[in-house]
Amino acid sequence: MAQIKTLAEFITERQHEFTYATGELTQLLTSFRLAGKMVNREVNKAGLAEDILGAQGTENVQGEAQQKLDVYANDLFIRLLRSQGEVCAVASEENDDIVHFDNGGKYVVSMDPLDGSSNIDVNVSIGTIFSIYRRVSTGDKATMEDFMQPGTAQVAAGYIIYGSSTMLVYTTGHGVNGFTLDPSIGTFCLSHPDMRTPEEGSIYSVNEGNLYDFPAGVQRYIDDCKKQKMSARYIGSLVADFHRNLLKGGIYLYPATAKSPKGKLRLLYEANPLAMIVEQAGGVATDGAHASWTLSRPNCTSAVRCISAARGWWRRR
Ligand code: AHG
Ligand code: MN
Ligand code: MN
């Protein structure tokens, strides 16, 4: 029988890869591990429990309707991060301002507590995205400077996908590893060691309903995908679309539209963490105008596999 390795064991074993103090990474990831299991429990009973399904009746700072599960997941992640002590502040899609913990923690977290939440009511995969930075400001409280660091300053990034099975995928800049939740024992177990995205992919993922809004070059590119008979796959949950393309090979795009001239995806808690993960898995991320480091390497022959016109998607170096 193959040896089973739990996420907790794996994190402990790989602690030496983390640039900063041993033990800090374990603490940081523990919150996501625990909160992920608790959100998973709520997501799985969403169809049965009236009090967890549907709209909250409020809007977030982006003017989007908050779902009850958005609010539940946000509160839970914040509660666990606050109690664990390494993180001094959080920037979340669901909060207007930075949430401060006043605990002297050396890290800040930016997160999308529930991504794809418009899909909750229709039983489609949703996720959580997180990004961890070392604090750089020195005053009493974390500031915007701590969150506005380039993507290259991320010390870890990851996502949890609540799908037909629930997985946690993360990187600390030493490759990407994936863990599947075994619901019978409530434990994430290593299922996808050293994830590498395929060199060639035949999937393109984009909201084609916006096609005539896209820049002419992107329209031509999509036309070319069709001529090459690539498969169109779009769930509308970024985590789920990204996860599928990471495993199977393909390109995900969210180009600029008239409604979202800078692209819809948010750099801080959607584009930067997923860019770090895809690059760590051998892929490429770009804002459409700037080549990422991977793409600009002279010996890189692989095509662009992950692209978004969200300004700043490209992780500045
Ligand atoms: P969120 O639910 O966190 O607000 O994110 C929604 C995002 C992302 O999950 C998805 O890829 C994208 O919105 C879909 O947008 P369109 O419906 O415009 O295609
Ligand atoms: Mn999102
Ligand atoms: Mn969200």
Side-chain angles (χ1 to χ4, degrees), residues 32 35-36 39-40 42-43 46 52-56 58-78 90-96 99 109-131 157-163 169 203-214 218 222 232-246 250-278 285 287 306-310 312-313:
F32 292 101
V39 172
N40 174 66
E42 297 305 309
V43 167
I52 201 71
L53 201 65
Q56 174 83 4
T58 49
E59 282 189 351
N60 65 20
V61 69
Q62 277 87 218
E64 299 161 342
Q66 288 181 307
Q67 304 296 309
K68 287 178 187 163
L69 265 175
D70 281 323
V71 176
Y72 172 84
N74 191 47
D75 291 350
L76 191 61
F77 279 105
I78 288 178
V90 169
S92 163
E93 181 187 16
E94 305 305 338
N95 290 97
D96 296 0
V99 179
V109 162
S110 64
M111 65 173 180
D112 181 350
L114 215 57
D115 171 70
S117 54
S118 64
N119 280 322
I120 297 166
D121 295 3
V122 290
N123 211 349
V124 169
S125 298
I126 51 181
T128 295
I129 311 173
F130 60 90
S131 170
Y159 62 83
I160 304 167
I161 177 167
Y162 312 99
V169 174
I203 295 172
Y204 74 100
S205 307
V206 66
N207 185 342
E208 259 187 289
N210 295 326
L211 183 72
Y212 298 121
D213 264 3
F214 295 159
V218 176
I222 292 172
R233 296 281 184 273
Y234 192 71
I235 296 168
S237 282
L238 173 62
V239 169
D241 282 310
F242 177 90
H243 182 69
R244 180 203 51 240
N245 290 9
L246 184 70
I251 177 167
Y252 178 94
L253 310 84
Y254 208 110
T257 62
K259 193 173 157 202
S260 305
K262 292 183 179 175
K264 181 180 179 184
L265 301 184
R266 279 61 58 104
L267 180 65
L268 202 56
Y269 44 77
E270 290 179 323
N272 267 344
L274 297 186
M276 183 178 184
I277 292 168
V278 79
D287 66 356
C306 183
I307 185 172
S308 165
W313 170 290

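Numbering of ligands and ligand atoms starts at 1, following listing order.
Inclusion of D115 in the set of residues having an N or O under 3.5 Å from an N or O of ligand 1 is warranted. Not a single N or O atom of S118, backbone or side chain, sits closer than 3.5 Å to an N or O atom of ligand 1. In terms of polar-atom proximity, D112 is counted as a contact of ligand 1, with an N or O under 3.5 Å from an N or O of the ligand. Residue L265 has no N or O atom closer than 3.5 Å to an N or O atom of ligand 1.
Proximity of a side-chain donor or acceptor of S117 to a complementary backbone N or O of D70 within less than 3.5 Å is not detected. A donor-acceptor pair under 3.5 Å links the side-chain atoms of D241 to the main chain of G236, judged by distance alone.
The closest approach between a heavy atom of N210 and any atom of ligand 1 is not below 4.0 Å. E94 does not count as a contact of ligand 1, since none of its heavy atoms falls under 4.0 Å from the ligand. Residue contacts with ligand 1: Y252 is included, with a non-hydrogen atom under 4.0 Å away.
A heavy-atom distance below 4.5 Å is found between the side chains of I129 and L274. At a threshold of 4.5 Å between non-hydrogen side-chain atoms, the residues V39 and L76 count as touching. With contacts defined as side-chain heavy-atom distances shorter than 4.5 Å, the pair M111/S131 does not qualify.
Around the Mn ion (ligand 2), the protein atoms of type N, O or S that sit closer than 2.8 Å are D112 OD2, D115 OD1, E270 OE2.
Annotation: the span from E93 atom CD to D115 atom CG amounts to 7.5 Å, rounded to 0.5 Å. Here K264 contributes atom NZ and K259 contributes atom NZ; the two are 6.5 Å apart, rounded to the nearest 0.5 Å. For the atom pair R233 CZ and I203 CD1, the distance stands at 6.5 Å (nearest 0.5 Å). In this structure, OG1 in T128 is found 4.5 Å from CD1 in I160, a value given to the nearest 0.5 Å. Considering OG1 of T257 and CG of L211, their distance stands at 12.0 Å, rounded to 0.5 Å. Taking CG from L265 and CG from L253, the interatomic distance works out to 10.0 Å, rounded to the nearest 0.5 Å.
Protein heavy atom closest to atom 18 (O) of ligand 1, with residue, atom name and distance, is Y254 OH, 2.6 Å. For atom 4 (O) of ligand 1, the nearest protein heavy atom (residue, atom name, distance) is E93 OE2, 3.0 Å. Residue, atom and distance of the protein heavy atom nearest to atom 10 (C) of ligand 1 are G236 O, 3.4 Å. At the top of the distance list for atom 14 (C) of ligand 1, counting protein heavy atoms only, stands Y234 OH, 3.3 Å. Shortest contact from atom 15 (O) of ligand 1 to any protein heavy atom: K264 NZ, 3.0 Å.
Heavy-atom minimum distance, L114 versus A73: CD1-CB, 4.3 Å.
With sequence neighbours excluded, the residues satisfying side-chain contact (heavy atoms from CB on, under 4.5 Å) with A240 are S125, I161, I235, S237.
A parallel orientation is assigned to the rings of Y252 and Y234, their planes being inclined by less than 30° (bins at 30° and 60°).
Set against the non-hydrogen atoms of G116, the atoms of ligand 1 under 4.0 Å away are 1 (P), 2 (O), 3 (O), 5 (O), 9 (O). Annotation for ligand 1: atoms under 4.0 Å from non-hydrogen atoms of E270 are 3 (O), 5 (O). Counting the atoms of ligand 1 from 1 in the order shown, those under 4.0 Å from a heavy atom of L238 are 8 (C), 9 (O), 10 (C), 11 (O). Within ligand 1, the atoms closer than 4.0 Å to a non-hydrogen atom of S117 are 2 (O), numbered from 1 in the order shown.
Within the 4.0 Å heavy-atom criterion, the part of L114 lying near ligand 1 is the backbone and not the side chain. Only the side chain of R266 comes within 4.0 Å of ligand 1, counting heavy atoms alone; its backbone N, CA, C and O stay farther away.
Remark: aromatic rings of F32 and F77 are close, center separation under 6.0 Å.
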